[in-house]
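Hydrogens, waters and symmetry mates play no part in the numbers below; they use all other heavy atoms, side chains included.
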Amino acid sequence: MQSKTNLRLFRSTILTSCLWLFLLLSYSSVKAQNKNYVVINPSDSPSEIVRKAANVVPSKRQFAWQRQELTAFLHFGMNTFTGKEWGEGTDSPAIFNPSSLDADQWIRELKAAGFKCAILTCKHHDGFCLWPSAYTDYSVKHSPWKEGRGDVVREVSDACRKYGMSFGIYLSPWDRNSKLYGTEEYNDYFMKQLTELLTQYGKVSEVWFDGACGEGPNGKKQVYDFLRWYSLIRKLQPDAVIAVMGPDVRWVGTETGRGREMEWSVVPKENLNQEAIAENSQKEMLTVPAGDMMGQDLGSRKVIAKAKSLIWYPAEIDVSIRPGWFYHEDQDSKVKTPKELMDIYFTSVGMNGVLLLNVPPNKAGKFADVDVKNLRGFRQLYDATFTKNLLANANVSCKLLKGKASDVIDGDYDTSVRPNMSQGKAVFLFKLKNTISFDVLSVQEDIRSGQRVEHFFLEVKDANGKWQKVTQGTTIGHKRLLRFPMCKAKEMRLVIDQVREIPTISEIGLYRLAE
Ligand code: FUL
């Protein structure tokens with residue numbers, strides 16, 4: 001017994017070390033250009049650690065992923081027909097039979113709502129494959145749909161190409177149908193399925209590995225060969241980010257649509273712990289305080305002071321438009337409203353994350369009317385709020401080291417400024433001809449130069465010429481949105497008063513939230 005435990009421990013230590021070696025190599029291979037990984041030496045002073053953190057930047061694929069802001073999940077499969085959320089892998093493929101599957105509609109609506117990528121549940125925990133995999137009988141091939149000649153993965157990836165959307169795959173590691181699950185051969189099976197998905201459907205931009213496993217203490221125990229999976233993805237789809245149980249994108253820690261008040265993308269490597277992620281994954285959100293599942297503070301000075309190394313590991317915020325991940329007719333009245341979706345936009349994208357919003361097609365194989373209506377409503381609110389930066393005609397001034405002050409209001413993320421912070425702070429002063437009313441502040445750092453801002457605030461000049469504080473925040477990162485009671489002013493200033501190093505500011509905007 002003891003020796004078995006030791007052996008297991010030895011095996012898991014070796015596996016973990018190999019995994020870290022892989023990650024280290026994959027990070028250091030981009031290090032020369034991108035530096036999305038840095039080692040902290042035991043002799044590094046606290047200020048040296050802060051300097052190092054400020055210079056960790058996203059890899060090319062992580063940057064492209066972050067710029068999308070809005071990505072979508074499509075949960076569709078056997079559960080759509082059984083009404084379950086987690087199938088056991090024993091339901092007959094005979095029940096998979098969408099009457100009028102319309103992937104074109106899914107992608108068209110998502111595109112119109114502003115989404116840039118769609119991730120399909122090619123295989124959920126029940127093991128049922130939405131493509132005719134050559135390696136299992138548990139797939140669309142053995143369903144009555146299109147007489148077994150259908151391929152949902154093909155239809156979705158084709159529609160994505162047609163509408164210029166990125167395509168992503170969700171392949172559940174936990175598989176309740178495969179007889180191989182729990183054995184080393186399962187990893188080979190998984191590799192073959194990954195290969196099918198990564199070679200037969202064009203470009204894949206995200207691979208999503210779920211951490212969930214409901215086997216329990218007496219269930220099957222599968223040791224996943226992450227190292228092989230990751231290498232295969234890097235080889236076959238080098239631009240794809242690997243999310244959740246992967247090295248590129250971090251699960252934010254809840255399914256509520258909320259990021260953290262202080263959301264650092266540079267975190268100690270120790271946070272990339274697959275086992276801890278798997279263990280914490282998908283706990284019922286009601287039993288977990290919002291935003292608190294994996295700790296509230298992942299990257300402050302206090303946290304990074306103890307790190308052995310730091311990585312760029314940004315947050316993805318997954319949430320469903322409905323209470324469930326799969327379509328259930330009795331949830332038609334519980335679809336999130338346009339207002340609720342806007343709120344989620346603020347607490348996800350507006351908190352330095354990428355939103356992954358799930359919109360599950362129904363039994364017919366379509367988005368239900370109410371989901372379409374609310375997606376469109378969300379887009380209307382979004383456009384009505386964000387199309388025009390109220391500062392666009394302002395006269396901007398700020399002491400700068402690089403760029404023109406007006407670069408921060410030109411609506412172009414690629415033009416940015418580096419403020420002169422020799423006085424310990426950067427002050428962006430905006431003067432307008434006419435008074436404006438606003439209740440939203442948006443600030444963006446060009447994360448290609450790192451995430452550096454630790455504190456900032458917005459002030460307006462009142463009728464007596466006195467500066468009044470309106471709002472304040474800690475981290476910015478790719479995008480920080482703050483809401484506050486309606487303000488009227490002609491003159492305002494954004495002050496950045498705590499940084500890790502001189503930041504690069506891309507955009508600053510004021511908006512009025514549409515009702
Ligand atoms: C979880 C799964 O258990 C849910 O069914 C869903 O797929 C969600 C996105 O991830 O871990």
Side-chain angles (χ1 to χ4, degrees), residues 65 68 70-81 93 96-134 136 138-141 143 145-172 193-210 233 236-237 239-243 316 318 320-322 325-327 354-368 371-372 375:
W65 168 85
Q68 301 177 110
L70 295 174
T71 61
F73 237 160
L74 295 162
H75 274 66
F76 186 65
M78 289 295 277
N79 296 335
T80 313
F81 299 88
F96 183 87
N97 199 9
S99 51
S100 45
L101 188 132
D102 188 359
D104 199 272
Q105 180 230 17
W106 311 351
I107 304 304
R108 192 172 64 239
E109 291 298 339
L110 290 172
K111 171 89 182 182
F115 288 79
K116 302 290 192 310
C117 172
I119 303 176
L120 174 69
T121 51
C122 302
K123 178 183 87 165
H124 201 250
H125 309 326
D126 55 22
F128 184 79
C129 298
L130 292 181
W131 79 104
S133 172
T136 177
Y138 205 49
S139 81
V140 281
K141 200 157 100 191
S143 78
W145 179 60
K146 295 195 170 176
E147 287 156 353
R149 283 192 288 275
D151 182 344
V152 187
V153 180
R154 171 87 48 224
E155 299 202 15
V156 174
S157 56
D158 282 353
C160 282
R161 235 183 324 276
K162 173 174 165 192
Y163 289 103
M165 292 253 293
S166 300
F167 172 63
I169 59 169
Y170 169 115
L171 188 68
S172 170
Q193 294 201 319
L194 257 182
T195 306
E196 288 181 318
L197 292 171
L198 298 174
T199 56
Q200 296 174 14
Y201 299 94
K203 199 167 164 72
V204 171
S205 68
E206 182 158 352
V207 179
W208 218 87
F209 290 139
D210 201 327
I233 298 165
L236 299 176
Q237 296 278 353
D239 295 337
V241 288
I242 314 173
E316 178 175 69
D318 62 329
S320 185
I321 196 166
R322 291 165 165 261
W325 288 100
F326 286 86
Y327 177 85
V354 166
L355 172 62
L356 176 54
L357 179 73
N358 178 59
V359 187
N362 62 17
K363 282 188 191 176
K366 290 189 160 171
F367 280 175
D371 302 56
V372 169
L375 275 177

* Stepwise side-chain contact (heavy atoms from CB on, under 4.5 Å) check, Tyr201 with Ile169 -> CA-CA 10 Å; Tyr201 299 94; Ile169 59 169; over 6 Å; no

* Closest approach of Cys122 and Val153, non-hydrogen atoms and distance? -> SG-CG2, 3.9 Å

* Asked: Under the 3.5 angstrom rule, does the side chain of Ser139 hit a backbone N or O of Phe128 as a donor-acceptor pair?
  -> no

* Asked: How long is the gap from CZ on Arg322 to OH on Tyr327, to the nearest 0.5 Å?
  -> 5.0 Å

* Other residues, nucleotides, ligands: >12 heavy atoms within 6.0 Å of Lys141 NZ -> yes

* Between Phe367 and Phe76, does the ring centre distance come in under 6.0 Å? -> no

* To do: Flag the pair Val372 / Lys366 as yes when at least one side-chain heavy-atom distance between them is below 4.5 Å, and no otherwise.
  => no

* Hey, does Leu101 have a side-chain heavy atom less than 4.5 Å from the side chain of Glu155? -> yes

* **Distance (rounded to the nearest 0.5 Å) between Leu130 CG and Leu171 CG** => 10.5 Å

* **Minimum side-chain heavy-atom gap Phe167-Ile107 below 4.5 Å** => no

* To do: Report yes or no: does Gln237 contribute a side-chain atom to a donor-acceptor pair with the main-chain N or O of Leu198 at less than 3.5 Å?
  => yes

* To do: State, yes or no, whether a side-chain contact exists between His124 and Trp325 at a heavy-atom distance under 4.5 Å.
  => no

* Asked: Does a side-chain heavy-atom distance below 4.5 Å link Leu110 with Leu375?
  -> yes

* To the nearest 0.5 angstrom, please state how far the CG atom of Asn358 sits from the CG atom of Leu74. => 7.5 Å

* Just how far is it from atom CD1 of Ile321 to atom NE2 of His75, taken to the nearest 0.5 Å? -> 14.0 Å

* Asked: Do you know the tightest heavy-atom contact between Gln68 and Lys116?
  -> O-CG, 3.4 Å

* Asked: Are side-chain heavy atoms of Val152 and Phe96 found at a separation under 4.5 Å?
  -> yes

* Roughly how far, to the nearest 0.5 Å, is the CH2 atom of Trp65 from the OG atom of Ser166? -> 13.0 Å

* To do: Using atom types as modelled and distance alone, determine if a side-chain donor or acceptor of Trp106 lies under 3.5 Å from a backbone N or O of Gly365.
  => yes

* To do: For the pair Thr71 (side chain) and Leu355 (backbone), establish whether a donor and an acceptor sit closer than 3.5 Å, ignoring hydrogens and angles.
  => yes

* To do: Say whether Gln200 and Trp131, considering side chains only, have a donor N or O and an acceptor N or O under 3.5 Å apart.
  => no

* Of all the heavy-atom pairs spanning Arg161 and Asp158, show the shortest one and how long it is. => NH2-OD1, 3.0 Å

* Glu206 side chain to Ala243 main-chain N or O, any donor-acceptor pair under 3.5 Å? -> no

* State yes or no: are the ring centers of Tyr170 and Phe73 separated by less than 6.0 Å? => yes

* Asked: Is there a side-chain contact between Asn79 and Thr121 (heavy atoms, below 4.5 Å)?
  -> no

* Asked: Is the shortest heavy-atom distance from the side chain of Lys146 to the side chain of Val140 under 4.5 Å?
  -> no

* Minimum-distance pair of heavy atoms, taken over all atoms of Lys111 and Tyr163 -> NZ-O, 2.9 Å

* Distance (rounded to the nearest 0.5 Å) between Phe115 CZ and Leu70 CG -> 5.0 Å

